[in-house]
Visitor: 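First the structure, then my questions, so here it is.
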Amino acid sequence: MATVIPELERFRGRLVSEADADYDESRRVWNAMIDKRPALIAHCTGAADVIAALAYARERELPVAVRGGGHNIAGLSTCDHGVVVDLSAMKRIEVDSDARTARAEPGLRWVEFDAATQAHGLATTGGTVGDTGIAGLTLGGGFGWLAGKYGMTIDNLRSAELVTADGRVLTASEDENPDLFWAIRGGSGNFGVVTSFEYDLHPVGPVITGGGVFHPIERAPEVLRFYRDFAATAPDEVTVYCGFLPGPHGPVIAVAAAHCGSLEDGERALAPLKSFGSPVHDAVGPIPYVGQQSLLDDLLPTGVHNYWKADYVDGLSDGVIEATVEAYARVPSPRSIVLFIPVNGAASRIPSDATAFPHRDPSLVAVGIYSLWSDPAEAGANVEWTRETWETLQPYATGGVYVNDLSEDEGEDRVRTAFGSNYDRLAEIKAVYDPDNVFRLNANVRPASVPLS
Ligand code: FAD
């Protein structure tokens, strides 16, 4: 039996409340730290359901959370006592292989999106863990293995259809509602519920050159310096990450890369990764693009307790290297990760005010401190280590942060730093499309008091 609500008679999807057997499964999100109890989870089938669920919540002044893939680390896609507009059942995707575009619904995960587009030998920049949702990732910016060549996910967004707080269905593109289009490319879920995204696609794979090399943790300082030099001179086709990770026999320092051009060029471009040092494991070579896209899946599984903090640093200085090496030596959980992700190539050549995502300087490196653990009793030690590690990086931090990496307890000032100099324009656009701040369970932009004229 599903919950029946007379006022939602025309709702076509499934309504789930505490009375339903699948309530616990339905309210679960990726991060096991998050344990919220919504009054209603509205599993939408399309824009009409979204409109109905929003109207229901607004009439009752209930908080509204919007869920795509449910991966938001802060648990912003669920809430206590409110309505979750759950889009996870909306998974239609149409690929136009001639036009090289895809129209995709917001319930898709990257593994599903990639499978559909790779069937045509096409891809766009997307998340590096397969079960991450396309929706939240796209709206925040979107780092991925193709960023150096094709820019971030938002740089490949052609248009989106969304439902506004007052129930209108709008298209956002360069030609229609261009202010809204600017805002949703990095402004997160502040402006409406996106019911479909249209992306540019590119010929990629099916086999590319990629994978990772793994070095003993004791070699971390020289591996990180090598990574810094390699990343600085790599061509756009190469996107390369470096990280402290759990290995099968204890912690390792890994360099993982993807080259999205020809296999010959890829072999040449990634050769330095194979010849540097004495790796304990070298898995760089030809790899299906979909394999590259699932490289990190096992490290970041669903249902584990997580606490993350992140920042941008201005280059991988010796100070950053020293601070992270020392911190990782004290990591309480063997599952935790510190990852360096560059703002590289095409992603770094877009002006910082061209979209709402402001962090475009090629010297920027995103540092993710990702604590993962299984026993809830270990929360204190892991949260403390994450915060301490973040503190030790503050002398090198730019003060900005990737909006999709914000944790729950970071506060309004940090949200402002995520949007940087674009915040005021976002606040003006928010005042036009969501003046009552219905969409506030996100990295929230407060509506400006004076709307755009
Ligand atoms: P959700 O939790 O469903 O939503 C996140 C936010 O977006 C919420 O505020 C929600 O309200 C809003 N939202 C979701 N759907 C919609 C919609 N349709 N309309 C309006 N608002 C909506 N980021 C990267 O850039 N690259 C990566 O490679 C990457 N890898 C990751 C791997 C893991 C394991 C995790 C946990 C995160 C990763 N991230 C990555 C961060 C990721 O971008 C965010 O977690 C993002 O929020 C995930 O999107 P989602 O749809 O799963 O999230």
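When a ligand or atom number is given, it counts from 1 through the structure's own listing order. Counting from 1, the numbers follow the sequence of the chain as shown. Quick caveat: nothing in here was measured; it's all calculated off a predicted structure.
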Visitor: Taking all non-hydrogen atoms of both residues, which atom of Gly144 and which atom of Thr239 are closest, and how far apart?
Guide: O-CG2, 3.8 Å
Visitor: With sequence neighbours excluded, tell me which residues meet salt bridge (charged side-chain N to carboxylate O under 4.0 Å, His left out) with Asp166.
Guide: Arg168
Visitor: Tell me which pairs pass ring-ring contact (aromatic ring centres under 6.0 Å, His included) where either residue lies in residues 40-77, with sequence neighbours left out.
Guide: Trp30-His71
Visitor: Mind checking the CG-CG spacing from Asp96 to Leu122? Nearest 0.5 Å is all I need.
Guide: 9.5 Å
Visitor: What residues form a salt bridge (charged side-chain N to carboxylate O under 4.0 Å, His left out) with Asp434, not counting sequence neighbours?
Guide: Lys430
Visitor: What residues come within 4.0 Å of ligand 1, counting heavy atoms only?
Guide: Trp30, Val66, Arg67, Gly68, Gly69, Gly70, His71, Asn72, Leu76, Ser77, Leu87, Pro106, Gly127, Thr128, Val129, Thr132, Gly133, Ala135, Gly136, Leu137, Leu139, Gly142, Phe143, Gly189, Gly192, Val193, Val194, Leu300, Trp308, Tyr402, Asn404, Leu441, Asn442
Visitor: Compute the ring centroids of Tyr307 and His305, then answer whether they are less than 6.0 Å apart.
Guide: no
